[in-house]
Amino acid sequence: MVKVATTRLDRTLVARTALRLLNEVGLEGLTLRAIAAELGVKAPALYWHFKDKQALLDEMATEMFRRMAADLPAVAAPDWRDGLTAAMRGLRGHLLRYRDGAKVYSGTHFTDTGYAVTMDAHLHGLTESGFTPRTAARAWFTAYSYTIGYVIEEQSMFPVAATATGTATGAEGIDLAARAERLAAYPLAAGAGEEIFGNHEEGFESGLAAVVAGIALTVRPSDA
């Protein structure tokens with residue numbers, strides 16, 4: 001049965017529909033044709049709002065950020081380490097709400113300037129803690145890049161739909177015993193499997209702590 005559109009199309013409606021569909025089909029299965037079918041229109045109707053799929057991904061990432069900003073208002077923590085850590089935890093948590101969420105978010109261009117409010121607040125918190133504007137930007141982008149990269153790998157290893165709470169379900173997992181057997185001639189590589197493919201929450205926290213400690217030592221040496 002073909003759906004019939006009952007609501008006037010706009011960019012926000014299309015982006016929200018695409019995000020909902022993303023959890024079902026993943027980024028590779030997300031096509032303008034599939035989104036149009038979900039909305040009950042023909043694919044050409046979407047081109048009035050988005051010139052191509054990348055333009056749609058930009059709007060999807062912007063909508064993801066709007067939701068994130070609504071849930072995680074920017075409040076400076078007394079200690080910059082705590083503030084930066086909390087911000088990256090929040091980013092990861094929101095990306096995990098969407099299948100392939102980090103891939104959608106990475107490398108896109110926001111379609112409005114709403115992100116600047118939150119970004120400015122976080123950078124202000126860092127500069128208030130002794131960073132220069134330049135080192136604050138470097139610190140933020142370093143932690144941000146780690147978080148995005150970690151979640152891309154995390155979601156690539158377990159390409160499953162996410163729930164509204166950010167908890168993945170139905171993960172196929174990786175057979176660590178079989179992996180270790182294949183790599184029996186390389187004991188260190190074999191043993192690394194548990195650390196790499198095991199507890200993602202613990203792995204993220206450990207890596208983030210290392211990143212923040214590194215920022216304190218190299219980007220803001222006065223904290224050493």
Side-chain angles (χ1 to χ4, degrees), residues 14-32 34-35 38 50 52-72 84-111 115 118-119 140-180 182-183 189 192-212:
V14 176
R16 290 176 177 175
T17 301
L19 286 171
R20 186 174 67 249
L21 193 59
L22 178 70
N23 278 347
E24 299 176 16
V25 302
L27 184 56
E28 289 189 8
L30 187 69
T31 63
L32 291 176
I35 297 166
E38 188 72 11
F50 303 100
D52 53 29
K53 185 175 179 179
Q54 184 56 55
L56 173 59
L57 292 177
D58 290 343
E59 187 64 34
M60 289 169 65
T62 304
E63 177 63 21
M64 289 168 67
F65 183 84
R66 293 185 189 115
R67 298 176 182 182
M68 192 185 313
D71 288 351
L72 303 168
L84 190 58
T85 298
M88 294 307 116
R89 284 174 180 161
L91 173 60
R92 174 175 176 262
H94 270 264
L95 294 177
L96 288 175
R97 293 186 178 188
Y98 309 94
R99 182 173 175 178
D100 295 327
K103 287 183 179 178
V104 171
Y105 203 77
S106 176
T108 52
H109 299 279
F110 291 131
T111 60
Y115 72 93
T118 300
M119 184 177 185
W140 176 263
F141 190 66
T142 298
Y144 171 87
S145 298
Y146 162 74
T147 303
I148 293 289
Y150 189 94
V151 180
I152 286 176
E153 289 296 321
E154 184 176 9
Q155 293 184 316
S156 294
M157 287 187 282
F158 299 96
V160 295
T163 68
T165 59
T167 304
T169 58
E172 297 176 0
I174 294 175
D175 189 333
L176 293 178
R179 179 183 181 278
R182 290 195 305 273
L183 298 177
E194 186 64 41
E195 183 65 28
I196 296 172
F197 305 111
N199 189 322
H200 288 288
E201 192 74 28
E202 183 179 313
F204 174 76
E205 290 293 330
S206 177
L208 181 58
V211 169
V212 173

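Along the sequence shown, residues carry numbers from 1. Scope of the values below: all heavy atoms of this structure, side chains included, with no hydrogens, waters or symmetry mates.
Using a 4.5 Å heavy-atom threshold, the side chains of Tyr105 and Met68 count as touching. Using a 4.5 Å heavy-atom threshold, the side chains of Leu27 and Leu57 count as touching. Residues Val14 and Met60 have side chains not in contact (no heavy-atom distance under 4.5 Å, counting atoms from C-beta outward). In this structure, Phe110 and Glu63 have side chains that are not in contact, with every pair of non-hydrogen atoms separated by 4.5 Å or more.
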Residue pair Arg16, Arg67: steps toward the side chain to side chain contact (heavy atoms under 4.5 Å, CB included) verdict = CA-CA 11 Å; Arg16 290 176 177 175; Arg67 298 176 182 182; 3.4 Å; yes

request  = Step by step, work out the side chain to side chain donor-acceptor pair (under 3.5 Å) result for Arg20 and Tyr98.
outcome  = CA-CA 8 Å; Arg20 186 174 67 249; Tyr98 309 94; over 6 Å; no

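Annotation: cation-pi geometry satisfied between Arg92 and Phe204 (NZ/CZ under 6.0 angstrom from ring centroid, within 45° of ring axis).
Checking side-chain atoms of Asp100 against main-chain N and O of Gly26 turns up no donor-acceptor pair under 3.5 Å. A donor-acceptor pair is defined here as one N or O able to donate and one able to accept, closer than 3.5 Å; no such pair exists between the side chain of Lys103 and the backbone of Gln155. Using a distance-only test at 3.5 Å, with no hydrogens or angles considered, no donor-acceptor pair links the side chain of Ser206 to the main chain of Glu202. At least one donor-acceptor pair closer than 3.5 Å links the side chain of Tyr150 to the backbone N or O of His200.
The only member of Thr142, Ile148, Thr147 that meets side chain to side chain contact (heavy atoms under 4.5 Å, CB included) when paired with Tyr144 is Ile148.
The side chain to side chain donor-acceptor pair (under 3.5 Å) search around Arg182 returns none, not counting sequence neighbours. In this view, Glu194 satisfies the side chain to side chain donor-acceptor pair (under 3.5 Å) rule with no residue, not counting sequence neighbours.
For the residue pair Glu59/Thr111, the side-chain donor-acceptor check at 3.5 Å is satisfied.
Arg97 and Asn23 get closest at one heavy-atom pair: O-ND2, 3.4 Å.
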